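As the structure is a prediction and not an experimental result, all values here were calculated from the model.
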Amino acid sequence: MPFRPTRLTAAALLAAAFAWLAITPLAAADEPDLIFRRSTVFKLLSPDDKLATYGVDDPVVDGVACHFTVPEKGGYKGWLGLAEQVSDISLACRQIGPIRFKSKAPQGEDMFRQRRSLFFKKMQIVRGCDPKRNVLVYMVYSDKLIDGSPKNSTSSVPIMPWGSNDTIQKCGDFISG
């Protein structure tokens, strides 16, 4: 007797796929370092809504760090990880040492990704190069599986010498596309 998928079987397979996606890590870089959190909305019997600021190092470019601030929903849904997080994210990236490219990378490559809801939304920081100005450009945005998100922020890192003996690398030699 041939196997015929039923609606129940299809629903079970779909649920298993979503569960796998929920536990699969999405980070292009290591997990970000929590710098601090600040409560923004008081909740009497459950966790407060907060703003959280994180730091992350670029995994392909030594000498560049980015800091981003994201709202974190409180309440019981936020505490359980079920709340739909908003898309407001701010970004600042800076040179923190001599800039050295570890490998070549495509233009617009994900530098960091993080889930913002159980299934449908993720935040991404992408890296690019402005070769004319020799500047690394980072953009953060949140995308939603259903209808996307227009909210974004951009930060630029001019590649400058770090100390008197530092040679300046050209981002256009390492990032292309």
Side-chain angles (χ1 to χ4, degrees), residues 20-40 47-74 78 81 85-117 120-145 148-177:
W20 180 80
L21 285 172
I23 62 171
T24 303
L26 274 179
D30 291 331
E31 285 300 308
D33 301 318
L34 175 64
I35 308 302
F36 64 90
R37 281 190 176 100
R38 185 71 182 214
S39 291
T40 57
D48 295 347
D49 289 354
K50 297 176 178 68
L51 287 174
T53 299
Y54 293 91
V56 64
D57 296 317
D58 189 320
V60 173
V61 184
D62 279 338
V64 174
C66 294
H67 293 88
F68 60 92
T69 299
V70 293
E72 294 180 344
K73 288 280 191 179
Q85 301 292 341
V86 296
S87 298
D88 300 324
I89 305 162
S90 65
L91 175 71
C93 299
R94 300 290 184 266
Q95 181 175 355
I96 59 168
I99 291 181
R100 299 287 176 261
F101 293 88
K102 295 178 186 177
S103 63
K104 293 194 177 209
Q107 188 79 281
E109 178 183 50
D110 282 358
M111 188 271 283
F112 176 79
R113 291 187 294 180
Q114 182 181 60
R115 289 201 179 282
R116 298 292 292 146
S117 73
F120 300 112
K121 188 186 283 189
K122 65 183 175 293
M123 176 199 75
Q124 300 176 75
I125 301 175
V126 297
R127 170 195 332 97
C129 166
D130 175 351
K132 179 179 177 182
R133 295 166 184 84
N134 199 30
V135 171
L136 290 166
V137 180
Y138 295 84
M139 176 183 64
V140 65
Y141 68 98
S142 177
D143 67 354
K144 194 172 183 182
L145 186 62
S149 173
K151 297 185 179 183
N152 60 75
S153 181
T154 303
S155 185
S156 299
V157 179
I159 301 175
M160 306 294 287
W162 196 266
S164 59
N165 295 331
D166 188 25
T167 58
I168 299 175
Q169 293 191 316
K170 302 289 184 192
C171 69
D173 295 341
F174 295 91
I175 298 176
S176 61

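Within the 4.5 Å cutoff, no side-chain heavy atoms of Met139 are placed close to those of Ser155. Annotation: side chain of His67 is in contact with side chain of Ile35 (closest heavy-atom distance under 4.5 Å). Asp58 has its side chain within reach of Tyr138: a pair of non-hydrogen atoms, C-beta onward, lies under 4.5 Å apart. Under the 4.5 Å side-chain criterion, counting only non-hydrogen atoms from C-beta, Cys93 is in contact with Leu91. Two residues are said to be in side-chain contact when any heavy atoms from C-beta on lie closer than 4.5 Å; Val135 and Val137 meet this criterion.
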* To do: Could you go through the side chain to side chain contact (heavy atoms under 4.5 Å, CB included) check for Val157 and Ile99 one step at a time?
  => CA-CA 10 Å; Val157 179; Ile99 291 181; 4.3 Å; yes
* Might you work through the side chain to side chain contact (heavy atoms under 4.5 Å, CB included) test for Arg38 and Lys50, ending with a clear yes or no? => CA-CA 5 Å; Arg38 185 71 182 214; Lys50 297 176 178 68; over 6 Å; no
* **Val61/Lys102 under side chain to side chain contact (heavy atoms under 4.5 Å, CB included): CA gap, chis, key distance, verdict** => CA-CA 6 Å; Val61 184; Lys102 295 178 186 177; over 6 Å; no
* List the steps and the verdict of side chain to side chain contact (heavy atoms under 4.5 Å, CB included) for Ser142 and Ile89. => CA-CA 8 Å; Ser142 177; Ile89 305 162; 4.0 Å; yes
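For the ring pair (Phe, Tyr, Trp, His ring centres under 6.0 Å) test with Tyr54, the passing option among Phe68, Phe36, Phe112 is Phe68; the others fail. When Asp173, Asp62, Ile175 are each tested for a side-chain contact (heavy atoms from CB on, under 4.5 Å) with Phe101, only one passes: Ile175.
Between atom OG of residue Ser176 and atom CD of residue Glu109 there is a gap of 10.5 Å, rounded to the nearest 0.5 Å. With rounding to the nearest 0.5 angstrom, the CD1 atom of Ile159 is 8.5 Å from the CD1 atom of Ile168.
Using modelled atom types, one finds no donor on one side chain facing an acceptor on the other under 3.5 Å when comparing Ser90 with Ser153.
Looking only at distances, no side-chain donor or acceptor of Glu72 sits under 3.5 Å from a matching main-chain atom of Ala52. Within the 3.5 Å criterion, the main-chain N or O of Gln124 finds no donor-acceptor partner in the side chain of Gln114.
What you find for Asp88 and Pro71 is that their closest heavy atoms are O-CD, 2.8 Å. Minimum heavy-atom separation, Ile96 to Val64: CG1-N, 4.1 Å. Of all heavy-atom pairs spanning Ala105 and Val60, the tightest one is CB-CG1, 4.3 Å. Listed here is the closest heavy atom pair of Met123 and Val70: SD-CG1, 4.0 Å. Contact detail for Gln169 and Asn134: the closest heavy-atom pair is O-ND2, 3.1 Å. Shown here for Met111 and Cys66, the closest heavy-atom pair between the two residues is CE-SG, 3.6 Å.
With salt bridges taken as basic N to acidic carboxylate O contacts below 4.0 Å, none links Lys122 and Asp110. At a threshold of 4.0 Å, the pair Arg133-Asp130 counts as salt-bridged, since one of the basic side-chain nitrogens sits closer than that to a carboxylate oxygen.
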